[in-house]
Each structure stands twice: as structure tokens, then as C-alpha cells.
Amino acid sequence: MIRIPCPYCGIRDHSEFTYGGDASVEYPTLDATAEEWHEAVYLRENIRGMQSETWHHVNGCRMWLVVERDTTTHEIRSVRPAHAGMAKALGMPEEESG
């Protein structure tokens with residue numbers, strides 16, 4: 001079981017969240033080619049080790065978070081709001097860990 005330390009709600013079971021994907025992916029603009037969209041959406045590295053991921057706290061505060069997690073041990077190194085402006089509004093440093 002993965003326990004995610006939500007910066008708003010505290011430590012919660014992963015079942016309260018939905019996985020949003022690799023947080024390092026930069027999506028193309030709306031006028032991009034079909035090939036560029038195909039690469040962004042479907043072609044991924046299968047990372048072993050630390051990875052930044054997006055998670056949506058669906059059954060809690062409903063905020064999007066960036067979770068830095070080790071894919072082999074599920075250890076969570078840090079959690080921060082996905083939108084830097086939200087962290088600033090709440091007085092949190094952008095790199096605050098959970």
C-alpha cells in the first residue's frame with residue numbers, strides 16, 4: 001500500500017487518488033502534428049527508480065499533486081502542488097516534501 005502525504009489533507013491511502021501520469025512530459029501545443037501528439041501521449045520510458053508523477057486527490061481536497069516516487073520501492077521523496085501558484089498562495093516552498 002502506498003501512503004501519500006497530501007500537503008492539504010495529511011497522509012492518505014493511495015486509493016483516495018488517481019494516477020495522472022509522468023509529470024515530466026511536456027505536451028505539444030494544440031496546433032501540433034498528430035505525430036507530436038502520438039509521441040507525447042503514447043511513447044514513454046519505463047523508469048526504474050525515482051520518477052515525478054502527477055496524482056489527483058479525487059476523494060479528498062481534489063487538488064493535483066506532483067509526487068516524486070521510487071518506482072521500485074514506492075518510497076515517496078516529496079509531494080508538492082502541481083500548480084506552483086497554489087504552493088505560493090498557501091505559503092509553501094515549491095520543493096516542500098511530504
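FYI, side chains are in, hydrogens and waters are out, and symmetry mates aren't considered; it's all heavy atoms of this structure.
Each of Val67, Leu65, Ile2, Asn59 was checked for a side-chain contact (heavy atoms from CB on, under 4.5 Å) with Phe17, and the lone residue meeting it is Leu65.
Residues Thr71 and Glu53 form a side-chain contact, since some pair of their non-hydrogen atoms from C-beta on lies under 4.5 Å apart. Contact check for Pro81 versus Tyr8: side-chain heavy atoms found under the 4.5 Å cut-off. Proximity of Asp13 to Arg3: side-chain heavy atoms (C-beta onward) are separated by under 4.5 Å at one or more points.
Placement of Tyr19 and Val79 within a single hydrophobic cluster is found when ILVMFWY residues are connected by side-chain heavy-atom separations under 4.5 Å, directly or transitively. Note on Val66 and Ile47: separate hydrophobic clusters, where clusters join Ile, Leu, Val, Met, Phe, Trp and Tyr whose side-chain heavy atoms are under 4.5 Å apart, directly or indirectly.
Around atom OH of Tyr42, no more than 12 heavy atoms belonging to other residues, nucleotides or ligands sit under 6.0 Å away. Summarising the local packing, NE2 of His74 is surrounded by more than 12 heavy atoms from other residues, nucleotides or ligands at distances under 6.0 Å. Counting non-hydrogen atoms of other residues, nucleotides and ligands closer than 6.0 Å to CD1 of Ile11 gives a total of 12 or fewer.
In this structure, CD in Glu68 is found 5.5 Å from CE in Met50, a value given to the nearest 0.5 Å. Separation of atoms CZ (Arg69) and CZ (Arg77) is listed at 13.0 Å; rounding is to 0.5 Å. The distance from the OG1 atom of Thr33 to the NE2 atom of His38 is 11.0 Å, given to the nearest 0.5 Å. Here CD of Glu16 is found 8.5 Å from SG of Cys6. Values are rounded to the nearest 0.5 Å.
Between Val25 and Ala40 the shortest heavy-atom distance is CG1-O, 3.7 Å. Taking both residues in full, the closest heavy atoms of Ser52 and Asp22 are given as O-OD1, 3.4 Å, listed atom of the first, atom of the second, then distance. The minimum heavy-atom distance linking Ile76 with Pro5 is given by the pair CD1-CD, 4.1 Å.
The backbone N or O of Gly21 lies less than 3.5 Å from no partner atom in the side chain of Trp55, so there is not a single donor-acceptor pair.
Under the 30°/60° scheme for interplanar angles, the aromatic rings of Trp64 and His56 are found to lie parallel.
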